[in-house]
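Written out below as structure tokens is the structure these notes cover.
What's counted below: heavy atoms across the whole structure, side chains too, no hydrogens, waters or symmetry copies. So that the names make sense, note that chain A is the first sequence line, chain B the second, and so on, each numbered from 1.
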Number of protein chains: 2
Amino acid sequence: MPEISFHDFQNCYCFNLRWVSRVVTQHYDHALSGCGLRVTQLPILARLAAEDMTMADLADWLAMDRTTLLRNLRPLERADLVYSVPTGEGRKLKLVLSQEGAALLEKAYPVWRAAQQSLTRILGQQRWETLINDLAMTGENLTGGSN
Amino acid sequence: MPEISFHDFQNCYCFNLRWVSRVVTQHYDHALSGCGLRVTQLPILARLAAEDMTMADLADWLAMDRTTLLRNLRPLERADLVYSVPTGEGRKLKLVLSQEGAALLEKAYPVWRAAQQSLTRILGQQRWETLINDLAMTGENLTGGSN
DNA sequence: CCCTTTAATGTGCATATGCACAGATGTGAT
DNA sequence: ATCACATCTGTGCATATGCACATTAAAGGG
């Protein structure tokens, strides 16, 4: 008899991932609060620090809906951390990290690093690497291996 | 020279967790779309199926801000899946799963289980258990071990 | 040259998330 | 009795997330 139990749902991978995401996000956000940045904004700035990208490519890399990224960029544009310029081909825009964005990224780096290290202390480097690897494999499998 | 590199940030535990959370959430949500439920709503219903709870206790269990839970309950109350009753002590309310809520939970169960199993196929039971354990240890450490 | 198609940007709606703060209600000290 | 305090509920604001849909501009076909 497949009696439906609360405990079955408690093993939900998605629930557990979201649960720890909330906790970890707050950990980083509290650390970063002095920088005026959120941990959700860091990967965008950091990725653009490496190279200019179109919104579609950046959204793909983030495994995020294109329209979600569009709105997430608004606070960054308002703060003059990121701006967009036409590429010349079609309506395609290129996202560029501004000087202020690069400066803020540098300022946030040691703060982020401290938050990261306090997590490393909990599980250890090795277990984190395994964990991130397994998560990446799961994500790549679900997105068709395009990431 | 602590040259700040994009690759450093790519190892951010928070980013990786949020990244895979997005992907996995979409996986479950697409599966559940026929039920009119989101995977974020499942743990609330499932927890209330086990016992009536106050909002504060439920928020604590979810490691979620109390006011976030308050708003997340609104769609569930509107759909008559959950209702709240006074407990008699102070203004404290008790959240109760309705008949409809319990029925919907049963309907969602096999769908959820299929989504869960397709993830299990990717990493295997063993690696998922290790992963969830490590995530739980991280979360408990950050929340002061109260969960 | 116009019309369809296609690809890119952008909007409206609904939910998810947390912080600062306001409102209401009981408890306890004096 | 009253006032301070603690506790619980609720609101306002800002960002995060995705779907359905609208808009705009370039490319081709006739």
Rounded off to whole Å, could you give me the [atom1]-to-[atom2] distance for the [X] and [N] pair?
| X | N | atom1 | atom2 | result |
| --- | --- | --- | --- | --- |
| Asp65(B) | dT15(D) | CG | C1' | 14 Å |
| Arg74(A) | dC13(D) | CZ | C1' | 19 Å |
| Leu69(B) | dT17(C) | CG | P | 10 Å |
| Asn72(B) | dT9(D) | CG | P | 15 Å |
| His30(B) | dG18(D) | NE2 | C1' | 8 Å |
| Leu37(B) | dA14(C) | CG | P | 18 Å |
| Leu73(A) | dT15(D) | CG | P | 12 Å |
| Lys94(A) | dA8(C) | NZ | P | 16 Å |

Could one point to a donor on the side chain of [X] or the base of [N] with an acceptor on the other under 3.5 Å away?
| X | N | value |
| --- | --- | --- |
| Arg66(A) | dG10(C) | yes |
| Thr67(A) | dC19(D) | yes |
| Arg22(B) | dT17(D) | no |
| Arg91(A) | dA8(C) | yes |

Side-chain N or O of [X] versus OP1/OP2 of [N]: is the shortest distance under 4.0 Å?
| X | N | answer |
| --- | --- | --- |
| Thr68(B) | dG18(C) | yes |
| Gln26(B) | dT17(D) | no |
| Arg18(A) | dT15(C) | no |

Give the intermediate values and the outcome of side-chain hydrogen bond (donor to acceptor under 3.5 Å, both in side chains) for residues Thr40(B) and Arg18(A). CA-CA 8 Å; Thr40(B) 45; Arg18(A) 293 184 66 90; 5.6 Å; no
Reading DNA chain C from 5' onward, which residue's closest nucleotide shows up sooner: Arg71(A) or Ala56(A)? Ala56(A)
Result for 5'-nearest mapping on DNA chain C, choosing between Lys92(A) and Met64(B), is Lys92(A)
CZ/Phe15(A) to CG/Leu17(A) distance, rounded to the nearest 0.5 angstrom? 11.0 Å
Looking at Leu95(A) and Leu48(A), what are the two nearest heavy atoms and their distance? O-CD2, 3.7 Å
Is it possible for you to say whether Leu93(A) and Met64(A) belong to one hydrophobic cluster, with membership spreading through side-chain heavy-atom contacts below 4.5 Å? no
In terms of ring plane angle, is the pair Tyr109(B) and Phe9(A) parallel, tilted or perpendicular, where the classes change at 30° and 60°? perpendicular
At 4.0 Å (heavy atoms only), tell me whether Thr40(A) reaches a base, stays on the sugar-phosphate, or touches nothing. sugar-phosphate
